[in-house]
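When a residue number appears, it is its place in the shown sequence, counting from 1.
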Amino acid sequence: ISHTSMTKPQYTMFRTIITSHQLHPLPDVKLLDCRARLGDPQWGATTFATAHLPSAQRADLDTQLATTPGDRGRHPLPDIETWVAEIRNWGITQENQVEVDDDAGGAFAARAWWMVGWAGHAAVAVLDGGIQSWPGPLEASNEQIAQTAEPSNFEARAPLTKSVSAEDVLNGRGQIV
């Protein structure tokens with residue numbers, strides 16, 4: 001009799017784009033709905049409440065993907081500690097594949113994709129074709145319902161992206177490439 005150890009199945013990790021057909025069978029996927037409209041901060045929440053991918057959580061452009069507007073712009077990045085706290089609140093772990101989507105050609109999902117990489121998480125991909133490409137039914141939810149994920153113990157790793165502050169560029173310490 002041979003005994004084999006039980007190991008977690010290995011799945012392809014998606015790092016850029018993922019199709020709805022690639023996404024559907026993956027286990028432990030965290031979906032972030034990043035839909036937004038500039039100048040209308042409530043639009044994303046209203047749209048999410050009307051319809052979103054099954055099990056998706058909302059990633060709000062103005063309150064989660066950015067910090068308070070000011071001298072650093074309309075949607076400045078939050079500090080990394082604040083961002084990691086958001087990742088934890090969504091229940092994302094280092095083992096999860098993260099999918100980000102929007103309905104604007106990836107404009108808002110790309111920001112979330114970059115930010116997840118900024119926290120050192122490689123398994124993050126934008127849904128190819130956006131929410132419009134989802135082949136199944138969308139879910140509606142009451143916008144008053146809180147996020148339902150169990151918070152995780154996600155720890156940031158070395159950034160997989162690069163950033164430079166406006167101050168560094170103005171003072172000649174950073175380069176825009």
Side-chain angles (χ1 to χ4, degrees), residues 6-18 20 22-36 41-69 72 75-103 106-127 130-131 134 136 138-163:
M6 297 298 289
T7 59
K8 187 174 181 178
Q10 297 297 311
Y11 297 94
T12 300
M13 179 173 47
F14 294 88
R15 295 179 172 209
T16 53
I17 301 291
I18 189 168
S20 58
Q22 293 166 323
L23 177 63
H24 184 67
L26 293 177
D28 302 322
V29 177
K30 297 293 184 178
L31 310 175
L32 298 179
D33 186 314
C34 305
R35 290 177 290 170
Q42 296 306 312
W43 186 89
T46 302
T47 304
F48 180 82
T50 302
H52 56 269
L53 297 183
S55 78
Q57 297 179 82
R58 182 154 153 59
D60 187 271
L61 173 65
D62 294 299
T63 63
Q64 294 171 305
L65 301 178
T67 191
T68 308
R72 295 178 31 219
H75 292 102
L77 289 173
D79 60 63
I80 191 67
E81 293 81 15
T82 300
W83 175 237
V84 169
E86 292 293 353
I87 290 172
R88 288 179 184 143
N89 288 338
W90 287 314
I92 296 170
T93 68
Q94 292 292 356
E95 291 75 37
N96 293 126
Q97 172 71 53
V98 178
E99 175 275 343
V100 293
D101 61 74
D102 64 26
D103 63 355
F108 302 109
R111 181 183 180 99
W113 173 84
W114 185 90
M115 290 177 71
V116 173
W118 181 41
H121 189 67
V124 57
V126 175
L127 181 61
I131 195 169
W134 189 251
L138 298 177
E139 291 182 349
S141 63
N142 181 332
E143 62 184 296
Q144 300 301 317
I145 295 174
Q147 302 284 29
T148 58
E150 178 74 25
S152 74
N153 61 355
F154 182 92
E155 292 294 328
R157 294 181 179 171
L160 303 174
T161 58
K162 294 184 179 185
S163 66

The ring-ring contact (aromatic ring centres under 6.0 Å, His included) partners of H75 (sequence neighbours excluded) come to none
Value for OG (S141) from CD (Q57), rounded to nearest 0.5 Å, stands at 11.0 Å
Q.
Please check this pair: side chain of H121 against backbone of N96, looking for a donor-acceptor N/O pair closer than 3.5 Å.
A. yes
### Query
Does any N or O in the side chain of W113 come within less than 3.5 Å of the main-chain N or O of R15, such that one atom is a donor and the other an acceptor?
yes
One should read off an interatomic distance between I87 CD1 and T82 OG1, to the nearest 0.5 angstrom, of 11.5 Å
Rounded to the nearest 0.5 Å, the CG atom of L32 sits from the CG atom of D60 at a distance of 12.0 Å
Between the CE atom in M13 and the CG atom in L26, the distance rounded to the nearest 0.5 Å is 12.0 Å
message = With heavy-atom distances below 4.5 Å as the criterion, would you say the side chains of L138 and H52 are in contact?
response = no
**Asked** Any sub-3.5 Å donor-acceptor pair from D102's side-chain atoms to F108's backbone N or O?
**Response** yes
Interatomic distance, CG@D28 vs OG1@T93, rounded to 0.5 Å, equals 7.0 Å
Note: I18 and F14 closest approach over all heavy atoms is CD1-CD1, 3.6 Å
Heavy-atom closest pair (P54 atom, L31 atom, distance to 0.1 Å) is O-CD1, 3.1 Å
Item to complete: State, yes or no, whether a side-chain contact exists between L77 and W114 at a heavy-atom distance under 4.5 Å.
Response: yes
Please check this pair: side chain of S152 against backbone of I92, looking for a donor-acceptor N/O pair closer than 3.5 Å. yes
With heavy-atom distances below 4.5 Å as the criterion, would you say the side chains of V116 and W83 are in contact? yes
### side-chain contact (heavy atoms from CB on, under 4.5 Å) between I131 and R35, intermediate numbers included
CA-CA 9 Å; I131 195 169; R35 290 177 290 170; 3.6 Å; yes
Please check this pair: side chain of R58 against backbone of F48, looking for a donor-acceptor N/O pair closer than 3.5 Å. no
In short, E139 meets S55 closest at the heavy-atom pair OE1-N, 3.6 Å
Q: Using atom types as modelled and distance alone, determine if a side-chain donor or acceptor of E86 lies under 3.5 Å from a backbone N or O of Q64.
A: no
N153 atom CG: more than 12 heavy-atom contacts under 6.0 Å
no
To the nearest 0.5 Å, atom CG of L53 lies from atom CG of L23 at 7.5 Å
Closest heavy-atom pair, V84 versus A119, reported as atoms and distance to 0.1 Å, is CG2-CB, 4.4 Å
Pairwise side-chain contact, C34 with R111, heavy-atom cut-off 4.5 Å (strictly under)
no
Nearest heavy-atom approach of E99 to V29 is CB-CG1, 4.3 Å
Residues L65 and A59: closest non-hydrogen pair is CD1-O, 4.0 Å
Considering only heavy atoms from C-beta outward, does the side chain of R88 approach that of E155 to under 4.5 Å?
yes
